[in-house]
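Scroll down for the structure; my scribbles are underneath it.
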Amino acid sequence: MSDWMVTQSPLAGRRPRALSPFREHLRDTFWFAPTAAMVSVFVVWVAAQALDTAVVEALQEDGDYETLDELLRFAQDAKTVVNVVSSAMMTFIGVVFSISLVAVQMASGQFTPRVVRLFVRSRITKATFAVFLATFVLTLLVLTAFDTADDPRDVSTLPLVQSVLTLCMVALSLLLFVLYVNATLRLMRVSHVIARIAAESFRVIASMPAPTGGQDMPGLGSVTAWVPHEGRAGVLRDVHVARLVRVARKHGVVLRLVPRIGDFVVPGTPVLAVHGGSAPPRGALRYTTSVGVERTYHQDLGFGLRQLSDIALRALSPAINDPTTAVQALDRVVQLLAALSRYPLDAALHRDRDGTVRLVQPVPGWTQLVDLGFTEVRGCAVGSPQVSRRMLAGLDDLMLLAPPERREPLLRHRELLRQAVDESALSPADRAFALRPDRQGIG
């Protein structure tokens, strides 16, 4: 491990700020926002009903029965409107749900199944469903608040504020429906999907410890204990860095994460290596690692490149044969690698408030990231000069940005691509054309 390049955590000298894996996991769920909206609208309805009751009682105390009679007629008209809204909202919800299923099915079949996560994480989709369901629940609650009395003196409450609130929710639902359709249509276009993947990947890069210059891995000594993985098998989604740093500091040890984020772990395999002492108790390490059925963006540096590579491979398959989409994916691959070309990789060091290294977290190295972005696409690029030209231009751009010690994998991929094109059945003129760098593929 002495030849690892590392990233020094910007938290040296103070307690690291706790990450929030729970918040990231909620973004990957679809139930939380609608449930929270329905609970919130119930609370709002209770407050609105109390306000309506107070208004009626105040008018009855003042003897203003003429105003109450007018409000009673208004409430009867409002009841008709609320009835119509209640019936229409379920139809509206069904339409939105159908649009979502069609969009997800098309994206999964045309791009890659892993882009379905973009639809699940879409804020506008969650907001639309949440507001629609909240409006439907509100209409049911308002219908129960209508008083059947015809005499203003016998009226106990009139849902005046509630009716106005319902109309406001309907207006908000219509606005969100327009925004939702627009956002869904954008996500069905491959260029916007690729851009979203790149944006999520840059968020992961931004969340990494800020680089402060390369330094050698400190001597950790031999492994004194192992912490095995307990629980179900699955993909390591993320770790709670701040909690692991606190546990390691409390017990005077250094913890090293054995698998990388995104690796598949099975029960019994080591997940943490302990240096400098015995392993912390199991209770202290509870909820420090999260395992799921699929990879997530949170802390996973290579997941974005994995999706971009999948989209390019799907586009180059004989069934789709869309090299332009592969070029668009390569554009973002080059963009991500350019951002990481001078970034310290291979491992991240997390320190406690005294500046002592307490957690070593492996991250993909430069060679691994370059291979992830180019290897599989390069194998399918021989028959598409548009893709080979774009890949060569991207490799040339990266060689200008990367330091000399990081140019070897770029040169290797360039040479392998040249050999593959030279060994193809193309004519000499076509081979020369396919090996001419072009940032637009065939511009």
Side-chain angles (χ1 to χ4, degrees), residues 1 4 6 16 18-32 112-114 116-117 120-121 200 204 207-208 217 220-307 310 345-350 352 357-365 368-369 371-372:
M1 293 188 300
W4 284 5
V6 298
L19 299 177
S20 181
F22 180 71
R23 178 180 59 84
E24 292 293 333
H25 297 169
L26 287 181
R27 289 188 63 192
D28 291 331
T29 63
F30 204 80
W31 60 266
F32 179 75
T112 169
R114 277 151 290 283
V116 174
R117 178 175 298 278
V120 176
R121 291 169 66 92
E200 293 283 356
V204 179
S207 66
M208 293 175 60
M217 170 71 67
L220 300 179
S222 60
V223 177
T224 55
W226 298 93
V227 178
H229 171 60
E230 297 179 351
R232 60 177 181 174
V235 175
L236 182 62
R237 297 191 296 183
D238 49 46
V239 296
H240 201 306
V241 173
R243 186 174 297 172
L244 285 173
V245 170
R246 288 196 299 268
V247 171
R249 183 177 186 274
K250 180 180 179 180
H251 293 83
V253 297
V254 178
L255 299 176
R256 177 171 55 85
L257 189 66
V258 177
R260 286 207 317 253
I261 302 298
D263 287 355
F264 190 88
V265 295
V266 297
T269 57
V271 67
L272 287 171
V274 183
H275 298 264
S278 59
R282 296 180 180 179
L285 296 174
R286 187 175 301 172
Y287 307 122
T288 55
T289 59
S290 175
V291 172
V293 297
E294 60 181 345
R295 297 169 68 175
T296 66
Y297 287 106
H298 190 216
Q299 299 182 2
D300 196 339
L301 188 60
F303 189 43
L305 288 173
R306 175 71 273 164
Q307 292 183 86
D310 288 346
L345 297 169
D346 291 321
L349 297 182
H350 300 278
D352 61 16
V357 174
R358 293 301 181 184
L359 175 64
V360 179
Q361 180 182 357
V363 296
Q368 294 169 321
L369 293 173
D371 291 342
L372 177 59

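We count residues from 1, following the sequence as given.
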Do the non-hydrogen side-chain atoms of V274 and L255 ever get within less than 4.5 Å of each other?
yes
Pairwise distance CD(Q299) to NE2(H240) - rounded to 0.5 angstrom:
9.5 Å
Closest contact, heavy atoms only, R243 versus Y287:
NH1-CB, 3.2 Å
Side-chain touch I261/Q361, heavy atoms, less than 4.5 angstrom
yes
Would you say that L244 contacts L285 through its side chain, given a criterion of any heavy-atom pair below 4.5 Å between the two side chains?
yes
Heavy-atom side-chain contact between V271 and P259 under 4.5 Å
yes
What closest approach, in Å, do H251 and A284 show between heavy atoms, and which atom pair accounts for it?
CE1-CB, 4.4 Å
Does L301 reach the side chain of L345, with side-chain heavy atoms less than 4.5 Å apart?
yes
So, for A273 and W226, which heavy atoms are closest and what is the spacing to 0.1 Å?
CB-CZ3, 3.6 Å
On a heavy-atom basis, the closest approach of V227 and A279 is CG2-CB, 4.1 Å
Given V235 and D263, is the side chain to side chain contact (heavy atoms under 4.5 Å, CB included) satisfied, shown in steps?
CA-CA 6 Å; V235 175; D263 287 355; over 6 Å; no
Which residues satisfy the side chain to side chain contact (heavy atoms under 4.5 Å, CB included) test with V266, sequence neighbours excluded?
A233, F264, T269
Shortest non-hydrogen contact from R295 toward F303:
NH2-N, 3.5 Å
I need the minimum non-hydrogen distance between A225 and V223, along with the two atoms involved.
O-CG1, 3.2 Å
For R306, what residues pass the side-chain hydrogen bond (donor to acceptor under 3.5 Å, both in side chains) criterion, not counting sequence neighbours?
S309, D310, E376
In the structure I gave you, are the side-chain heavy atoms of S278 and V253 within less than 4.5 Å of one another anywhere?
no
Chi angles and distances behind the side chain to side chain contact (heavy atoms under 4.5 Å, CB included) call for L236, L257:
CA-CA 11 Å; L236 182 62; L257 189 66; 4.2 Å; yes
State, with a plain yes or no, whether a side-chain heavy atom of E200 is found less than 4.5 Å away from one of Q307.
no
Between D300 and V204, is the side chain to side chain contact (heavy atoms under 4.5 Å, CB included) condition met? List the steps.
CA-CA 7 Å; D300 196 339; V204 179; 5.7 Å; no
With sequence neighbours excluded, what pairs up with R237 under the side chain to side chain contact (heavy atoms under 4.5 Å, CB included) test?
H25, S290, T296
